Every structure is written in structure tokens, then in C-alpha cells.
Amino acid sequence: MTTEAIDLDTLSEQIAGCTKCGLAASRTNAVPGSGNPDAEIVFIGEGPGFNEDKQGLPFVGAAGKFLDELLASINLSRKDVYICNVVKCRPPENRDPQSDEIDACTPWLTQQLGLINPRMIVTLGRFSMSRYFPRASISRIHGQAQVIDGVLVVPMYHPAAALHQGSLRKTIMEDFQRLPALLEQAMAENAEPPEPEPIQMQLL
Ligand code: URA
């Protein structure tokens, strides 16, 4: 088998035509993801909802509006980051994605992360958290960064949780405020060593 190098747009086209699980039958559009293909931060949500399914774009409903506010609070916008989901097609009636659907979709997410190669991954909600922290509870580990396979992973509450439970709004806002310093730290730790100064010949 030969493997060809592809870019993120080509991968998105492949995801848009995916029929690897039952969600393909009920979707209007697959939602591969959107944003900067060279992003330093990737946000991973759960799965598309009603509006995302209609538009083929992630986080365009109420939770997305709050995500935009959270990004703006740390001077970022959607064009600075990449936003995608664990499953790329809407589970009917917004039910939780099933494990066979997550398993079928996981290779897409893995390829996306491989192409973007971010310094930091922010998981939004428990389904994306489980990819990195399988047995963890979000209430215990939210906001606590951990290096996993060389990338800083920060688990966060899902923005929709803050819409349903007002007290979480402050928590998620506070967790977001820590992201710039964490990113700076991740960049410093992974920084390429500086080029050595050219050796000057001393003329005697
Ligand atoms: N919730 C998610 O997890 N993802 C979206 O794209 C929209 C809402």
C-alpha cells in the first residue's frame, strides 16, 4: 500500500464524503473543522449540532457564540486557531456519540492533528477529554495542562455546559485566561535551539 501526503483541505473533502458509520445516513453535511491549518492551538469539541449540520461548520450555534467570546477574551479569533470535533457528523437529536461512531471517526481526527501539528490541544467536554484522559472526571482536571505525546493538552468544560449551568461560565472563563501563558510555556519548551553564531576567524 502506498500513502500519499495530503493537505488539510483534501482531508476535509475526504471527511465530507465519509460513510464509515451510521451517522452518514442522517447528516445534512459532515463538519470536518475550520480555521488556520498552521494553528498553534486546536480546539476539539464533541460533535456537530443542528446548526453545524446545516452549515457544515463547527460551533456556529449558541455554544459557538460563547466560544467566540472566550477566544476574544484572550485576543484570539477563529482564524488564529483550528476548531473541530471528535465526530464529524451530527448524532440524531444531538444524542451522545456512540463508541462505534467515535472509533470510526478517530482516524480523521488523528490525521487532522498530524497535519496541523499544534503546540496545544484544548479539549471541550468529556468526549474529547476521554481521548487523552480516558478515566478522568472533567470536574477534577479542567484547566490542568498535561504534556501528552509531546503536545500540551488542556481539558476544559464544553461551552454548552456553561449555557446550561450558569456557575460553569466563570470557571470556563478562568480556565481560558490561563491559555496564553500555557501556550508561551509550550512554545519555549519546544523552541528550536538558536543557530550557533558563525565562528569568526581571528587574523593575527
Ligand atoms: N458542540 C460541539 O461539540 N461541536 C460543535 O461543533 C457544536 C456544538
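Atoms within a ligand are numbered from 1 in the order they appear, just like the ligands themselves. These numbers come from a predicted model, not from an experiment. The figures here come from the full heavy-atom set of this structure, side chains too, leaving out hydrogens, waters and symmetry mates.
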Between Ser12 and Asp9, does a side-chain hydrogen bond (donor to acceptor under 3.5 Å, both in side chains) hold up when you go through it step by step?
CA-CA 5 Å; Ser12 294; Asp9 285 343; 5.2 Å; no

Could you walk me through whether Leu113 and Val151 pass the side-chain contact (heavy atoms from CB on, under 4.5 Å) check?
CA-CA 10 Å; Leu113 294 171; Val151 184; over 6 Å; no

Within 6.0 Å of CZ in Arg140, more than 12 heavy atoms from elsewhere:
no

Other residues, nucleotides, ligands: >12 heavy atoms within 6.0 Å of Glu184 CD:
no

Could you tell me, for ligand 1, which of its N or O atoms are under 3.5 Å from any protein N or O, listing the pairs and their distances rounded to 0.1 Å?
from	atom 1	to	atom 2	distance (Å)
ligand 1	1 (N)	His158	NE2	3.3
ligand 1	3 (O)	Glu46	N	2.7
ligand 1	3 (O)	Gly47	N	3.3
ligand 1	3 (O)	Asn85	OD1	3.4
ligand 1	3 (O)	His158	NE2	2.8
ligand 1	4 (N)	Gly47	O	3.1
ligand 1	4 (N)	Asn85	OD1	2.7
ligand 1	4 (N)	Asn85	ND2	3.4
ligand 1	6 (O)	Phe59	N	3.0
ligand 1	6 (O)	Asn85	ND2	2.9

Sequence neighbours left out, cut at 3.5 Å: what donor-acceptor pairs do the side chains of residues 132-139 make with other protein atoms?
from	atom 1	to	atom 2	distance (Å)
Ser137	OG	Ser139	N	3.4
Ser137	OG	Ser139	OG	3.0

Between NZ of Lys20 and OG1 of Thr106, what distance do you get to the nearest 0.5 Å?
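Result: 9.0 Å between the selected atoms.
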
